[in-house]
Amino acid sequence: MPELPEVETTLRGIAPHIEGHKIQKVIVRDSRLRWPVPSGLDKKLHGHSITSASRRAKYLLLATDAGTVILHLGMSGSLRVVPVKTPAEKHDHVDFIFDNGLCLRLRDPRRFGSVHFVSGNPLEHKLLNKLGPEPLSKEFSGELLFTRSRNRKIAVKTFIMNNQVVVGVGNIYASEALFAAGIDPRREAGSISKARYLRLAKAIKKVIAAAIKAGGTTLKDFTQSDGKPGYFSQKLKVYGREGSPCVNCGKAIQQITLGQRASYFCSRCQR
DNA sequence: AATCGCGCCTGACGGC
DNA sequence: TGCCGTCAGGCGCGAT
């Protein structure tokens, strides 16, 4: 379940191996991802070098002078850099083979991920052009949350998970940030004060930055078979801890469903 | 415009 | 041991 920190960790792991390198071949073993992998990728990309690898929200952007590959890891996707002769395993759907003997390999058991190719500006792509600010950018602030939430009746947790409000706040970190800010996830977004949104924005930045830092600790092994970023090892204070004592007050953490998604909180510490 | 609920998909897990 | 039902979960999309 890649959240933004895992995608960022992936980016930092793969970028040094692929930037500036020429694509020799693209192999699509299974094009049935969330949307069909575009046909003719090999023809479009053959002979072109990656000019930059970057990220927008949870989308990875691999730019060439012929166009940009947009990748999303969905629920279960992972990207690894492996020696080109490494045998593909089950669920290894797409390979980008480079002239440095390495292969960028997309694995995605549940196939919720996707691969796109655009010849123009990738940020104008339909999936990207309505996205809100990056959580770690200065454009994302408590002011923005407050302004955008006026007259909104949805639960605040659902609100901050809306990609048009702010990107990259997934289910885990939404719960964690609301706990850190002391806000009940069920509260109506439009009823929360500016002061509390200032706290919440800071909490979102803090929890995501900490998770990226934790993920970074495994980067040195990124080309090895174990491509799992280590952000799960960071201590989650509420997520997945139903029934366990709150780290602040000891009361049992509760699990509820909001917007068809598991949500965890402390009813004493979060109001 | 805002909100709600669906469905894609497979591995993990619980029950028998 | 094996089979089956259930669930999770990002997120776009159609319906309301």
Side-chain angles (χ1 to χ4, degrees), chain A residues 1-11 28-38 55-61 70-79 88-94 106-116 118 122-135 144-177 185-192 204 208 211 215 227-229 231-232 236 238-243 255-264:
Chain A
M1 50 196 82
E3 295 240 6
L4 187 77
E6 189 169 356
V7 180
E8 178 65 23
T9 298
T10 295
L11 171 66
V28 179
R29 293 187 196 80
D30 192 341
S31 62
R32 299 171 305 159
L33 298 186
R34 180 168 189 188
W35 291 283
V37 176
R55 177 186 64 73
R56 174 72 176 106
K58 294 182 185 173
Y59 293 92
L60 289 166
L61 310 177
I70 303 175
L71 295 164
H72 197 287
L73 300 178
M75 263 292 299
S76 58
S78 63
L79 275 172
E89 295 177 30
K90 192 178 181 184
H91 306 308
D92 287 342
H93 305 313
V94 182
L106 173 66
R107 174 178 298 181
D108 189 357
R110 295 188 184 178
R111 294 194 271 118
F112 280 16
S114 57
V115 178
H116 313 264
V118 292
L123 301 181
E124 290 172 7
H125 189 277
K126 181 185 179 186
L127 295 175
L128 305 185
N129 65 8
K130 291 188 172 63
L131 295 173
E134 293 286 327
L144 176 130
L145 287 180
F146 177 74
T147 304
R148 295 286 310 270
S149 63
R150 293 309 88 186
N151 303 316
R152 302 286 295 267
K153 296 187 185 305
I154 50 172
V156 61
K157 176 165 178 273
T158 308
F159 176 68
I160 61 173
M161 290 181 66
N162 183 337
N163 278 340
Q164 296 188 29
V165 175
V166 55
V167 302
V169 181
N171 201 38
I172 296 174
Y173 296 119
S175 281
E176 293 297 312
R186 300 168 294 186
R187 292 256 330 246
E188 203 175 275
S191 75
I192 294 174
I204 288 170
I208 288 179
K228 294 176 185 169
Y231 78 94
F232 268 120
L236 298 176
V238 288
Y239 187 85
R241 295 192 64 243
E242 183 192 12
Q255 178 184 351
I256 56 169
T257 299
L258 283 176
Q260 289 96 253
R261 224 149 264 119
S263 307
Y264 302 86

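This structure is a prediction, so every number in the text was calculated from the model and none was measured. A, B, ... follow the sequence lines: proteins, then strands. Residue 1 opens every chain.
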What is the nucleic acid contact for A:Leu127, judged by heavy atoms within less than 4.0 Å: base, sugar-phosphate only, or nothing? sugar-phosphate
Which part of the nucleic acid does A:Arg261 contact within heavy-atom distance under 4.0 Å: base, sugar-phosphate only, or nothing? base
Heavy atoms only, 4.0 Å cut-off, all strands: where does A:Arg111 land among base, sugar-phosphate and nothing? sugar-phosphate
Stacking between A:Phe112 and the base of B:dC8 (centre distance under 5.5 Å, interplanar angle under 30°)? yes
Any base atoms under 4.0 Å from A:Phe159, or only sugar-phosphate, or nothing? Heavy atoms, all strands. nothing
Can you tell me if the side-chain N/O atoms of A:His72 get under 4.0 Å from OP1 or OP2 in C:dG12? no
Just call it for A:Lys130: base, sugar-phosphate, or nothing, with non-hydrogen atoms closer than 4.0 Å on any strand. nothing
Short side-chain N/O contact from A:Lys126 to OP1 or OP2 of C:dG12, under 4.0 Å: no
Please tell me which of A:Ile154 and A:Lys90 maps to the more 5' nucleotide of DNA chain B, matching each residue to the nucleotide holding its nearest heavy atom. A:Ile154
For the pair made of CG in A:Leu33 and P in C:dG9, what is the distance, rounded to whole Å? 21 Å
I need the CZ-P distance between A:Arg110 and B:dG7, as an integer number of Å. 18 Å
Quick check on DNA chain B: between A:Pro109 and A:Arg34, whose nearest nucleotide comes earlier from the 5' end? A:Arg34
